[in-house]
**Q** 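Submitted below is the structure of interest, expressed as structure tokens.
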Amino acid sequence: MSENLDTPPPPSPRQRRRRLASLGNIKTGLADCLRALEDGTMEASKARALIYGYSVLAGIIQGTELEERLAKLEAAARNEGSPRAGGLACAR
């Protein structure tokens, strides 16, 4: 069996893995997926699955970020009634 020495070996799964921890990462992954689909280097069924996965993950990240922001706002609202150290209390 002869090997073609001109073609590099395929990247390992670790090299292909994309960090999907932010909406920016997901946006980049989605754009790459769409480009590959347009170029014909990715099958439509795989692109469809990836696009669906990116969409679900984006929704989860948005929900998580919203929860964190809401928790901070609620904590700030609870602490608003008590005077801060070194701060002035407002009369109401």
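The model shown is predicted, which means the values in this text are computed figures rather than measured ones. Counting from 1, the numbers follow the sequence of the chain as shown.
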**Q** Just to verify, which of I26, L20, V56, L66 counts as forming a side-chain contact (heavy atoms from CB on, under 4.5 Å) with I61?
**A**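 It is I26; the other options fail the test.
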
**Q** Using side-chain contact (heavy atoms from CB on, under 4.5 Å) as the criterion, list what pairs up with I51, not counting sequence neighbours.
**A**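 Listed in chain order: L30, C33, L34, S55.
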
**Q** Only counting residues at least two apart or in another chain, list the ones meeting side-chain contact (heavy atoms from CB on, under 4.5 Å) with L37.
**A**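 Counting only residues at least two positions away or on another chain, L37 forms a side-chain contact (heavy atoms from CB on, under 4.5 Å) with A44, A47.
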
**Q** Roughly how far, to the nearest 0.5 Å, is the CZ atom of R78 from the CG atom of L73?
**A**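 If we round to the nearest 0.5 Å, L73:CG and R78:CZ are 11.0 Å apart.
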
**Q** How many angstroms lie between CG in L57 and CG in L50, if you round to the nearest 0.5 Å?
**A**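 Separation between the atoms: 11.5 Å.
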
**Q** On a heavy-atom basis, which atom in S22 and which in N25 lie closest, and how many Å separate them?
**A**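 It is OG-OD1, 2.8 Å.
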
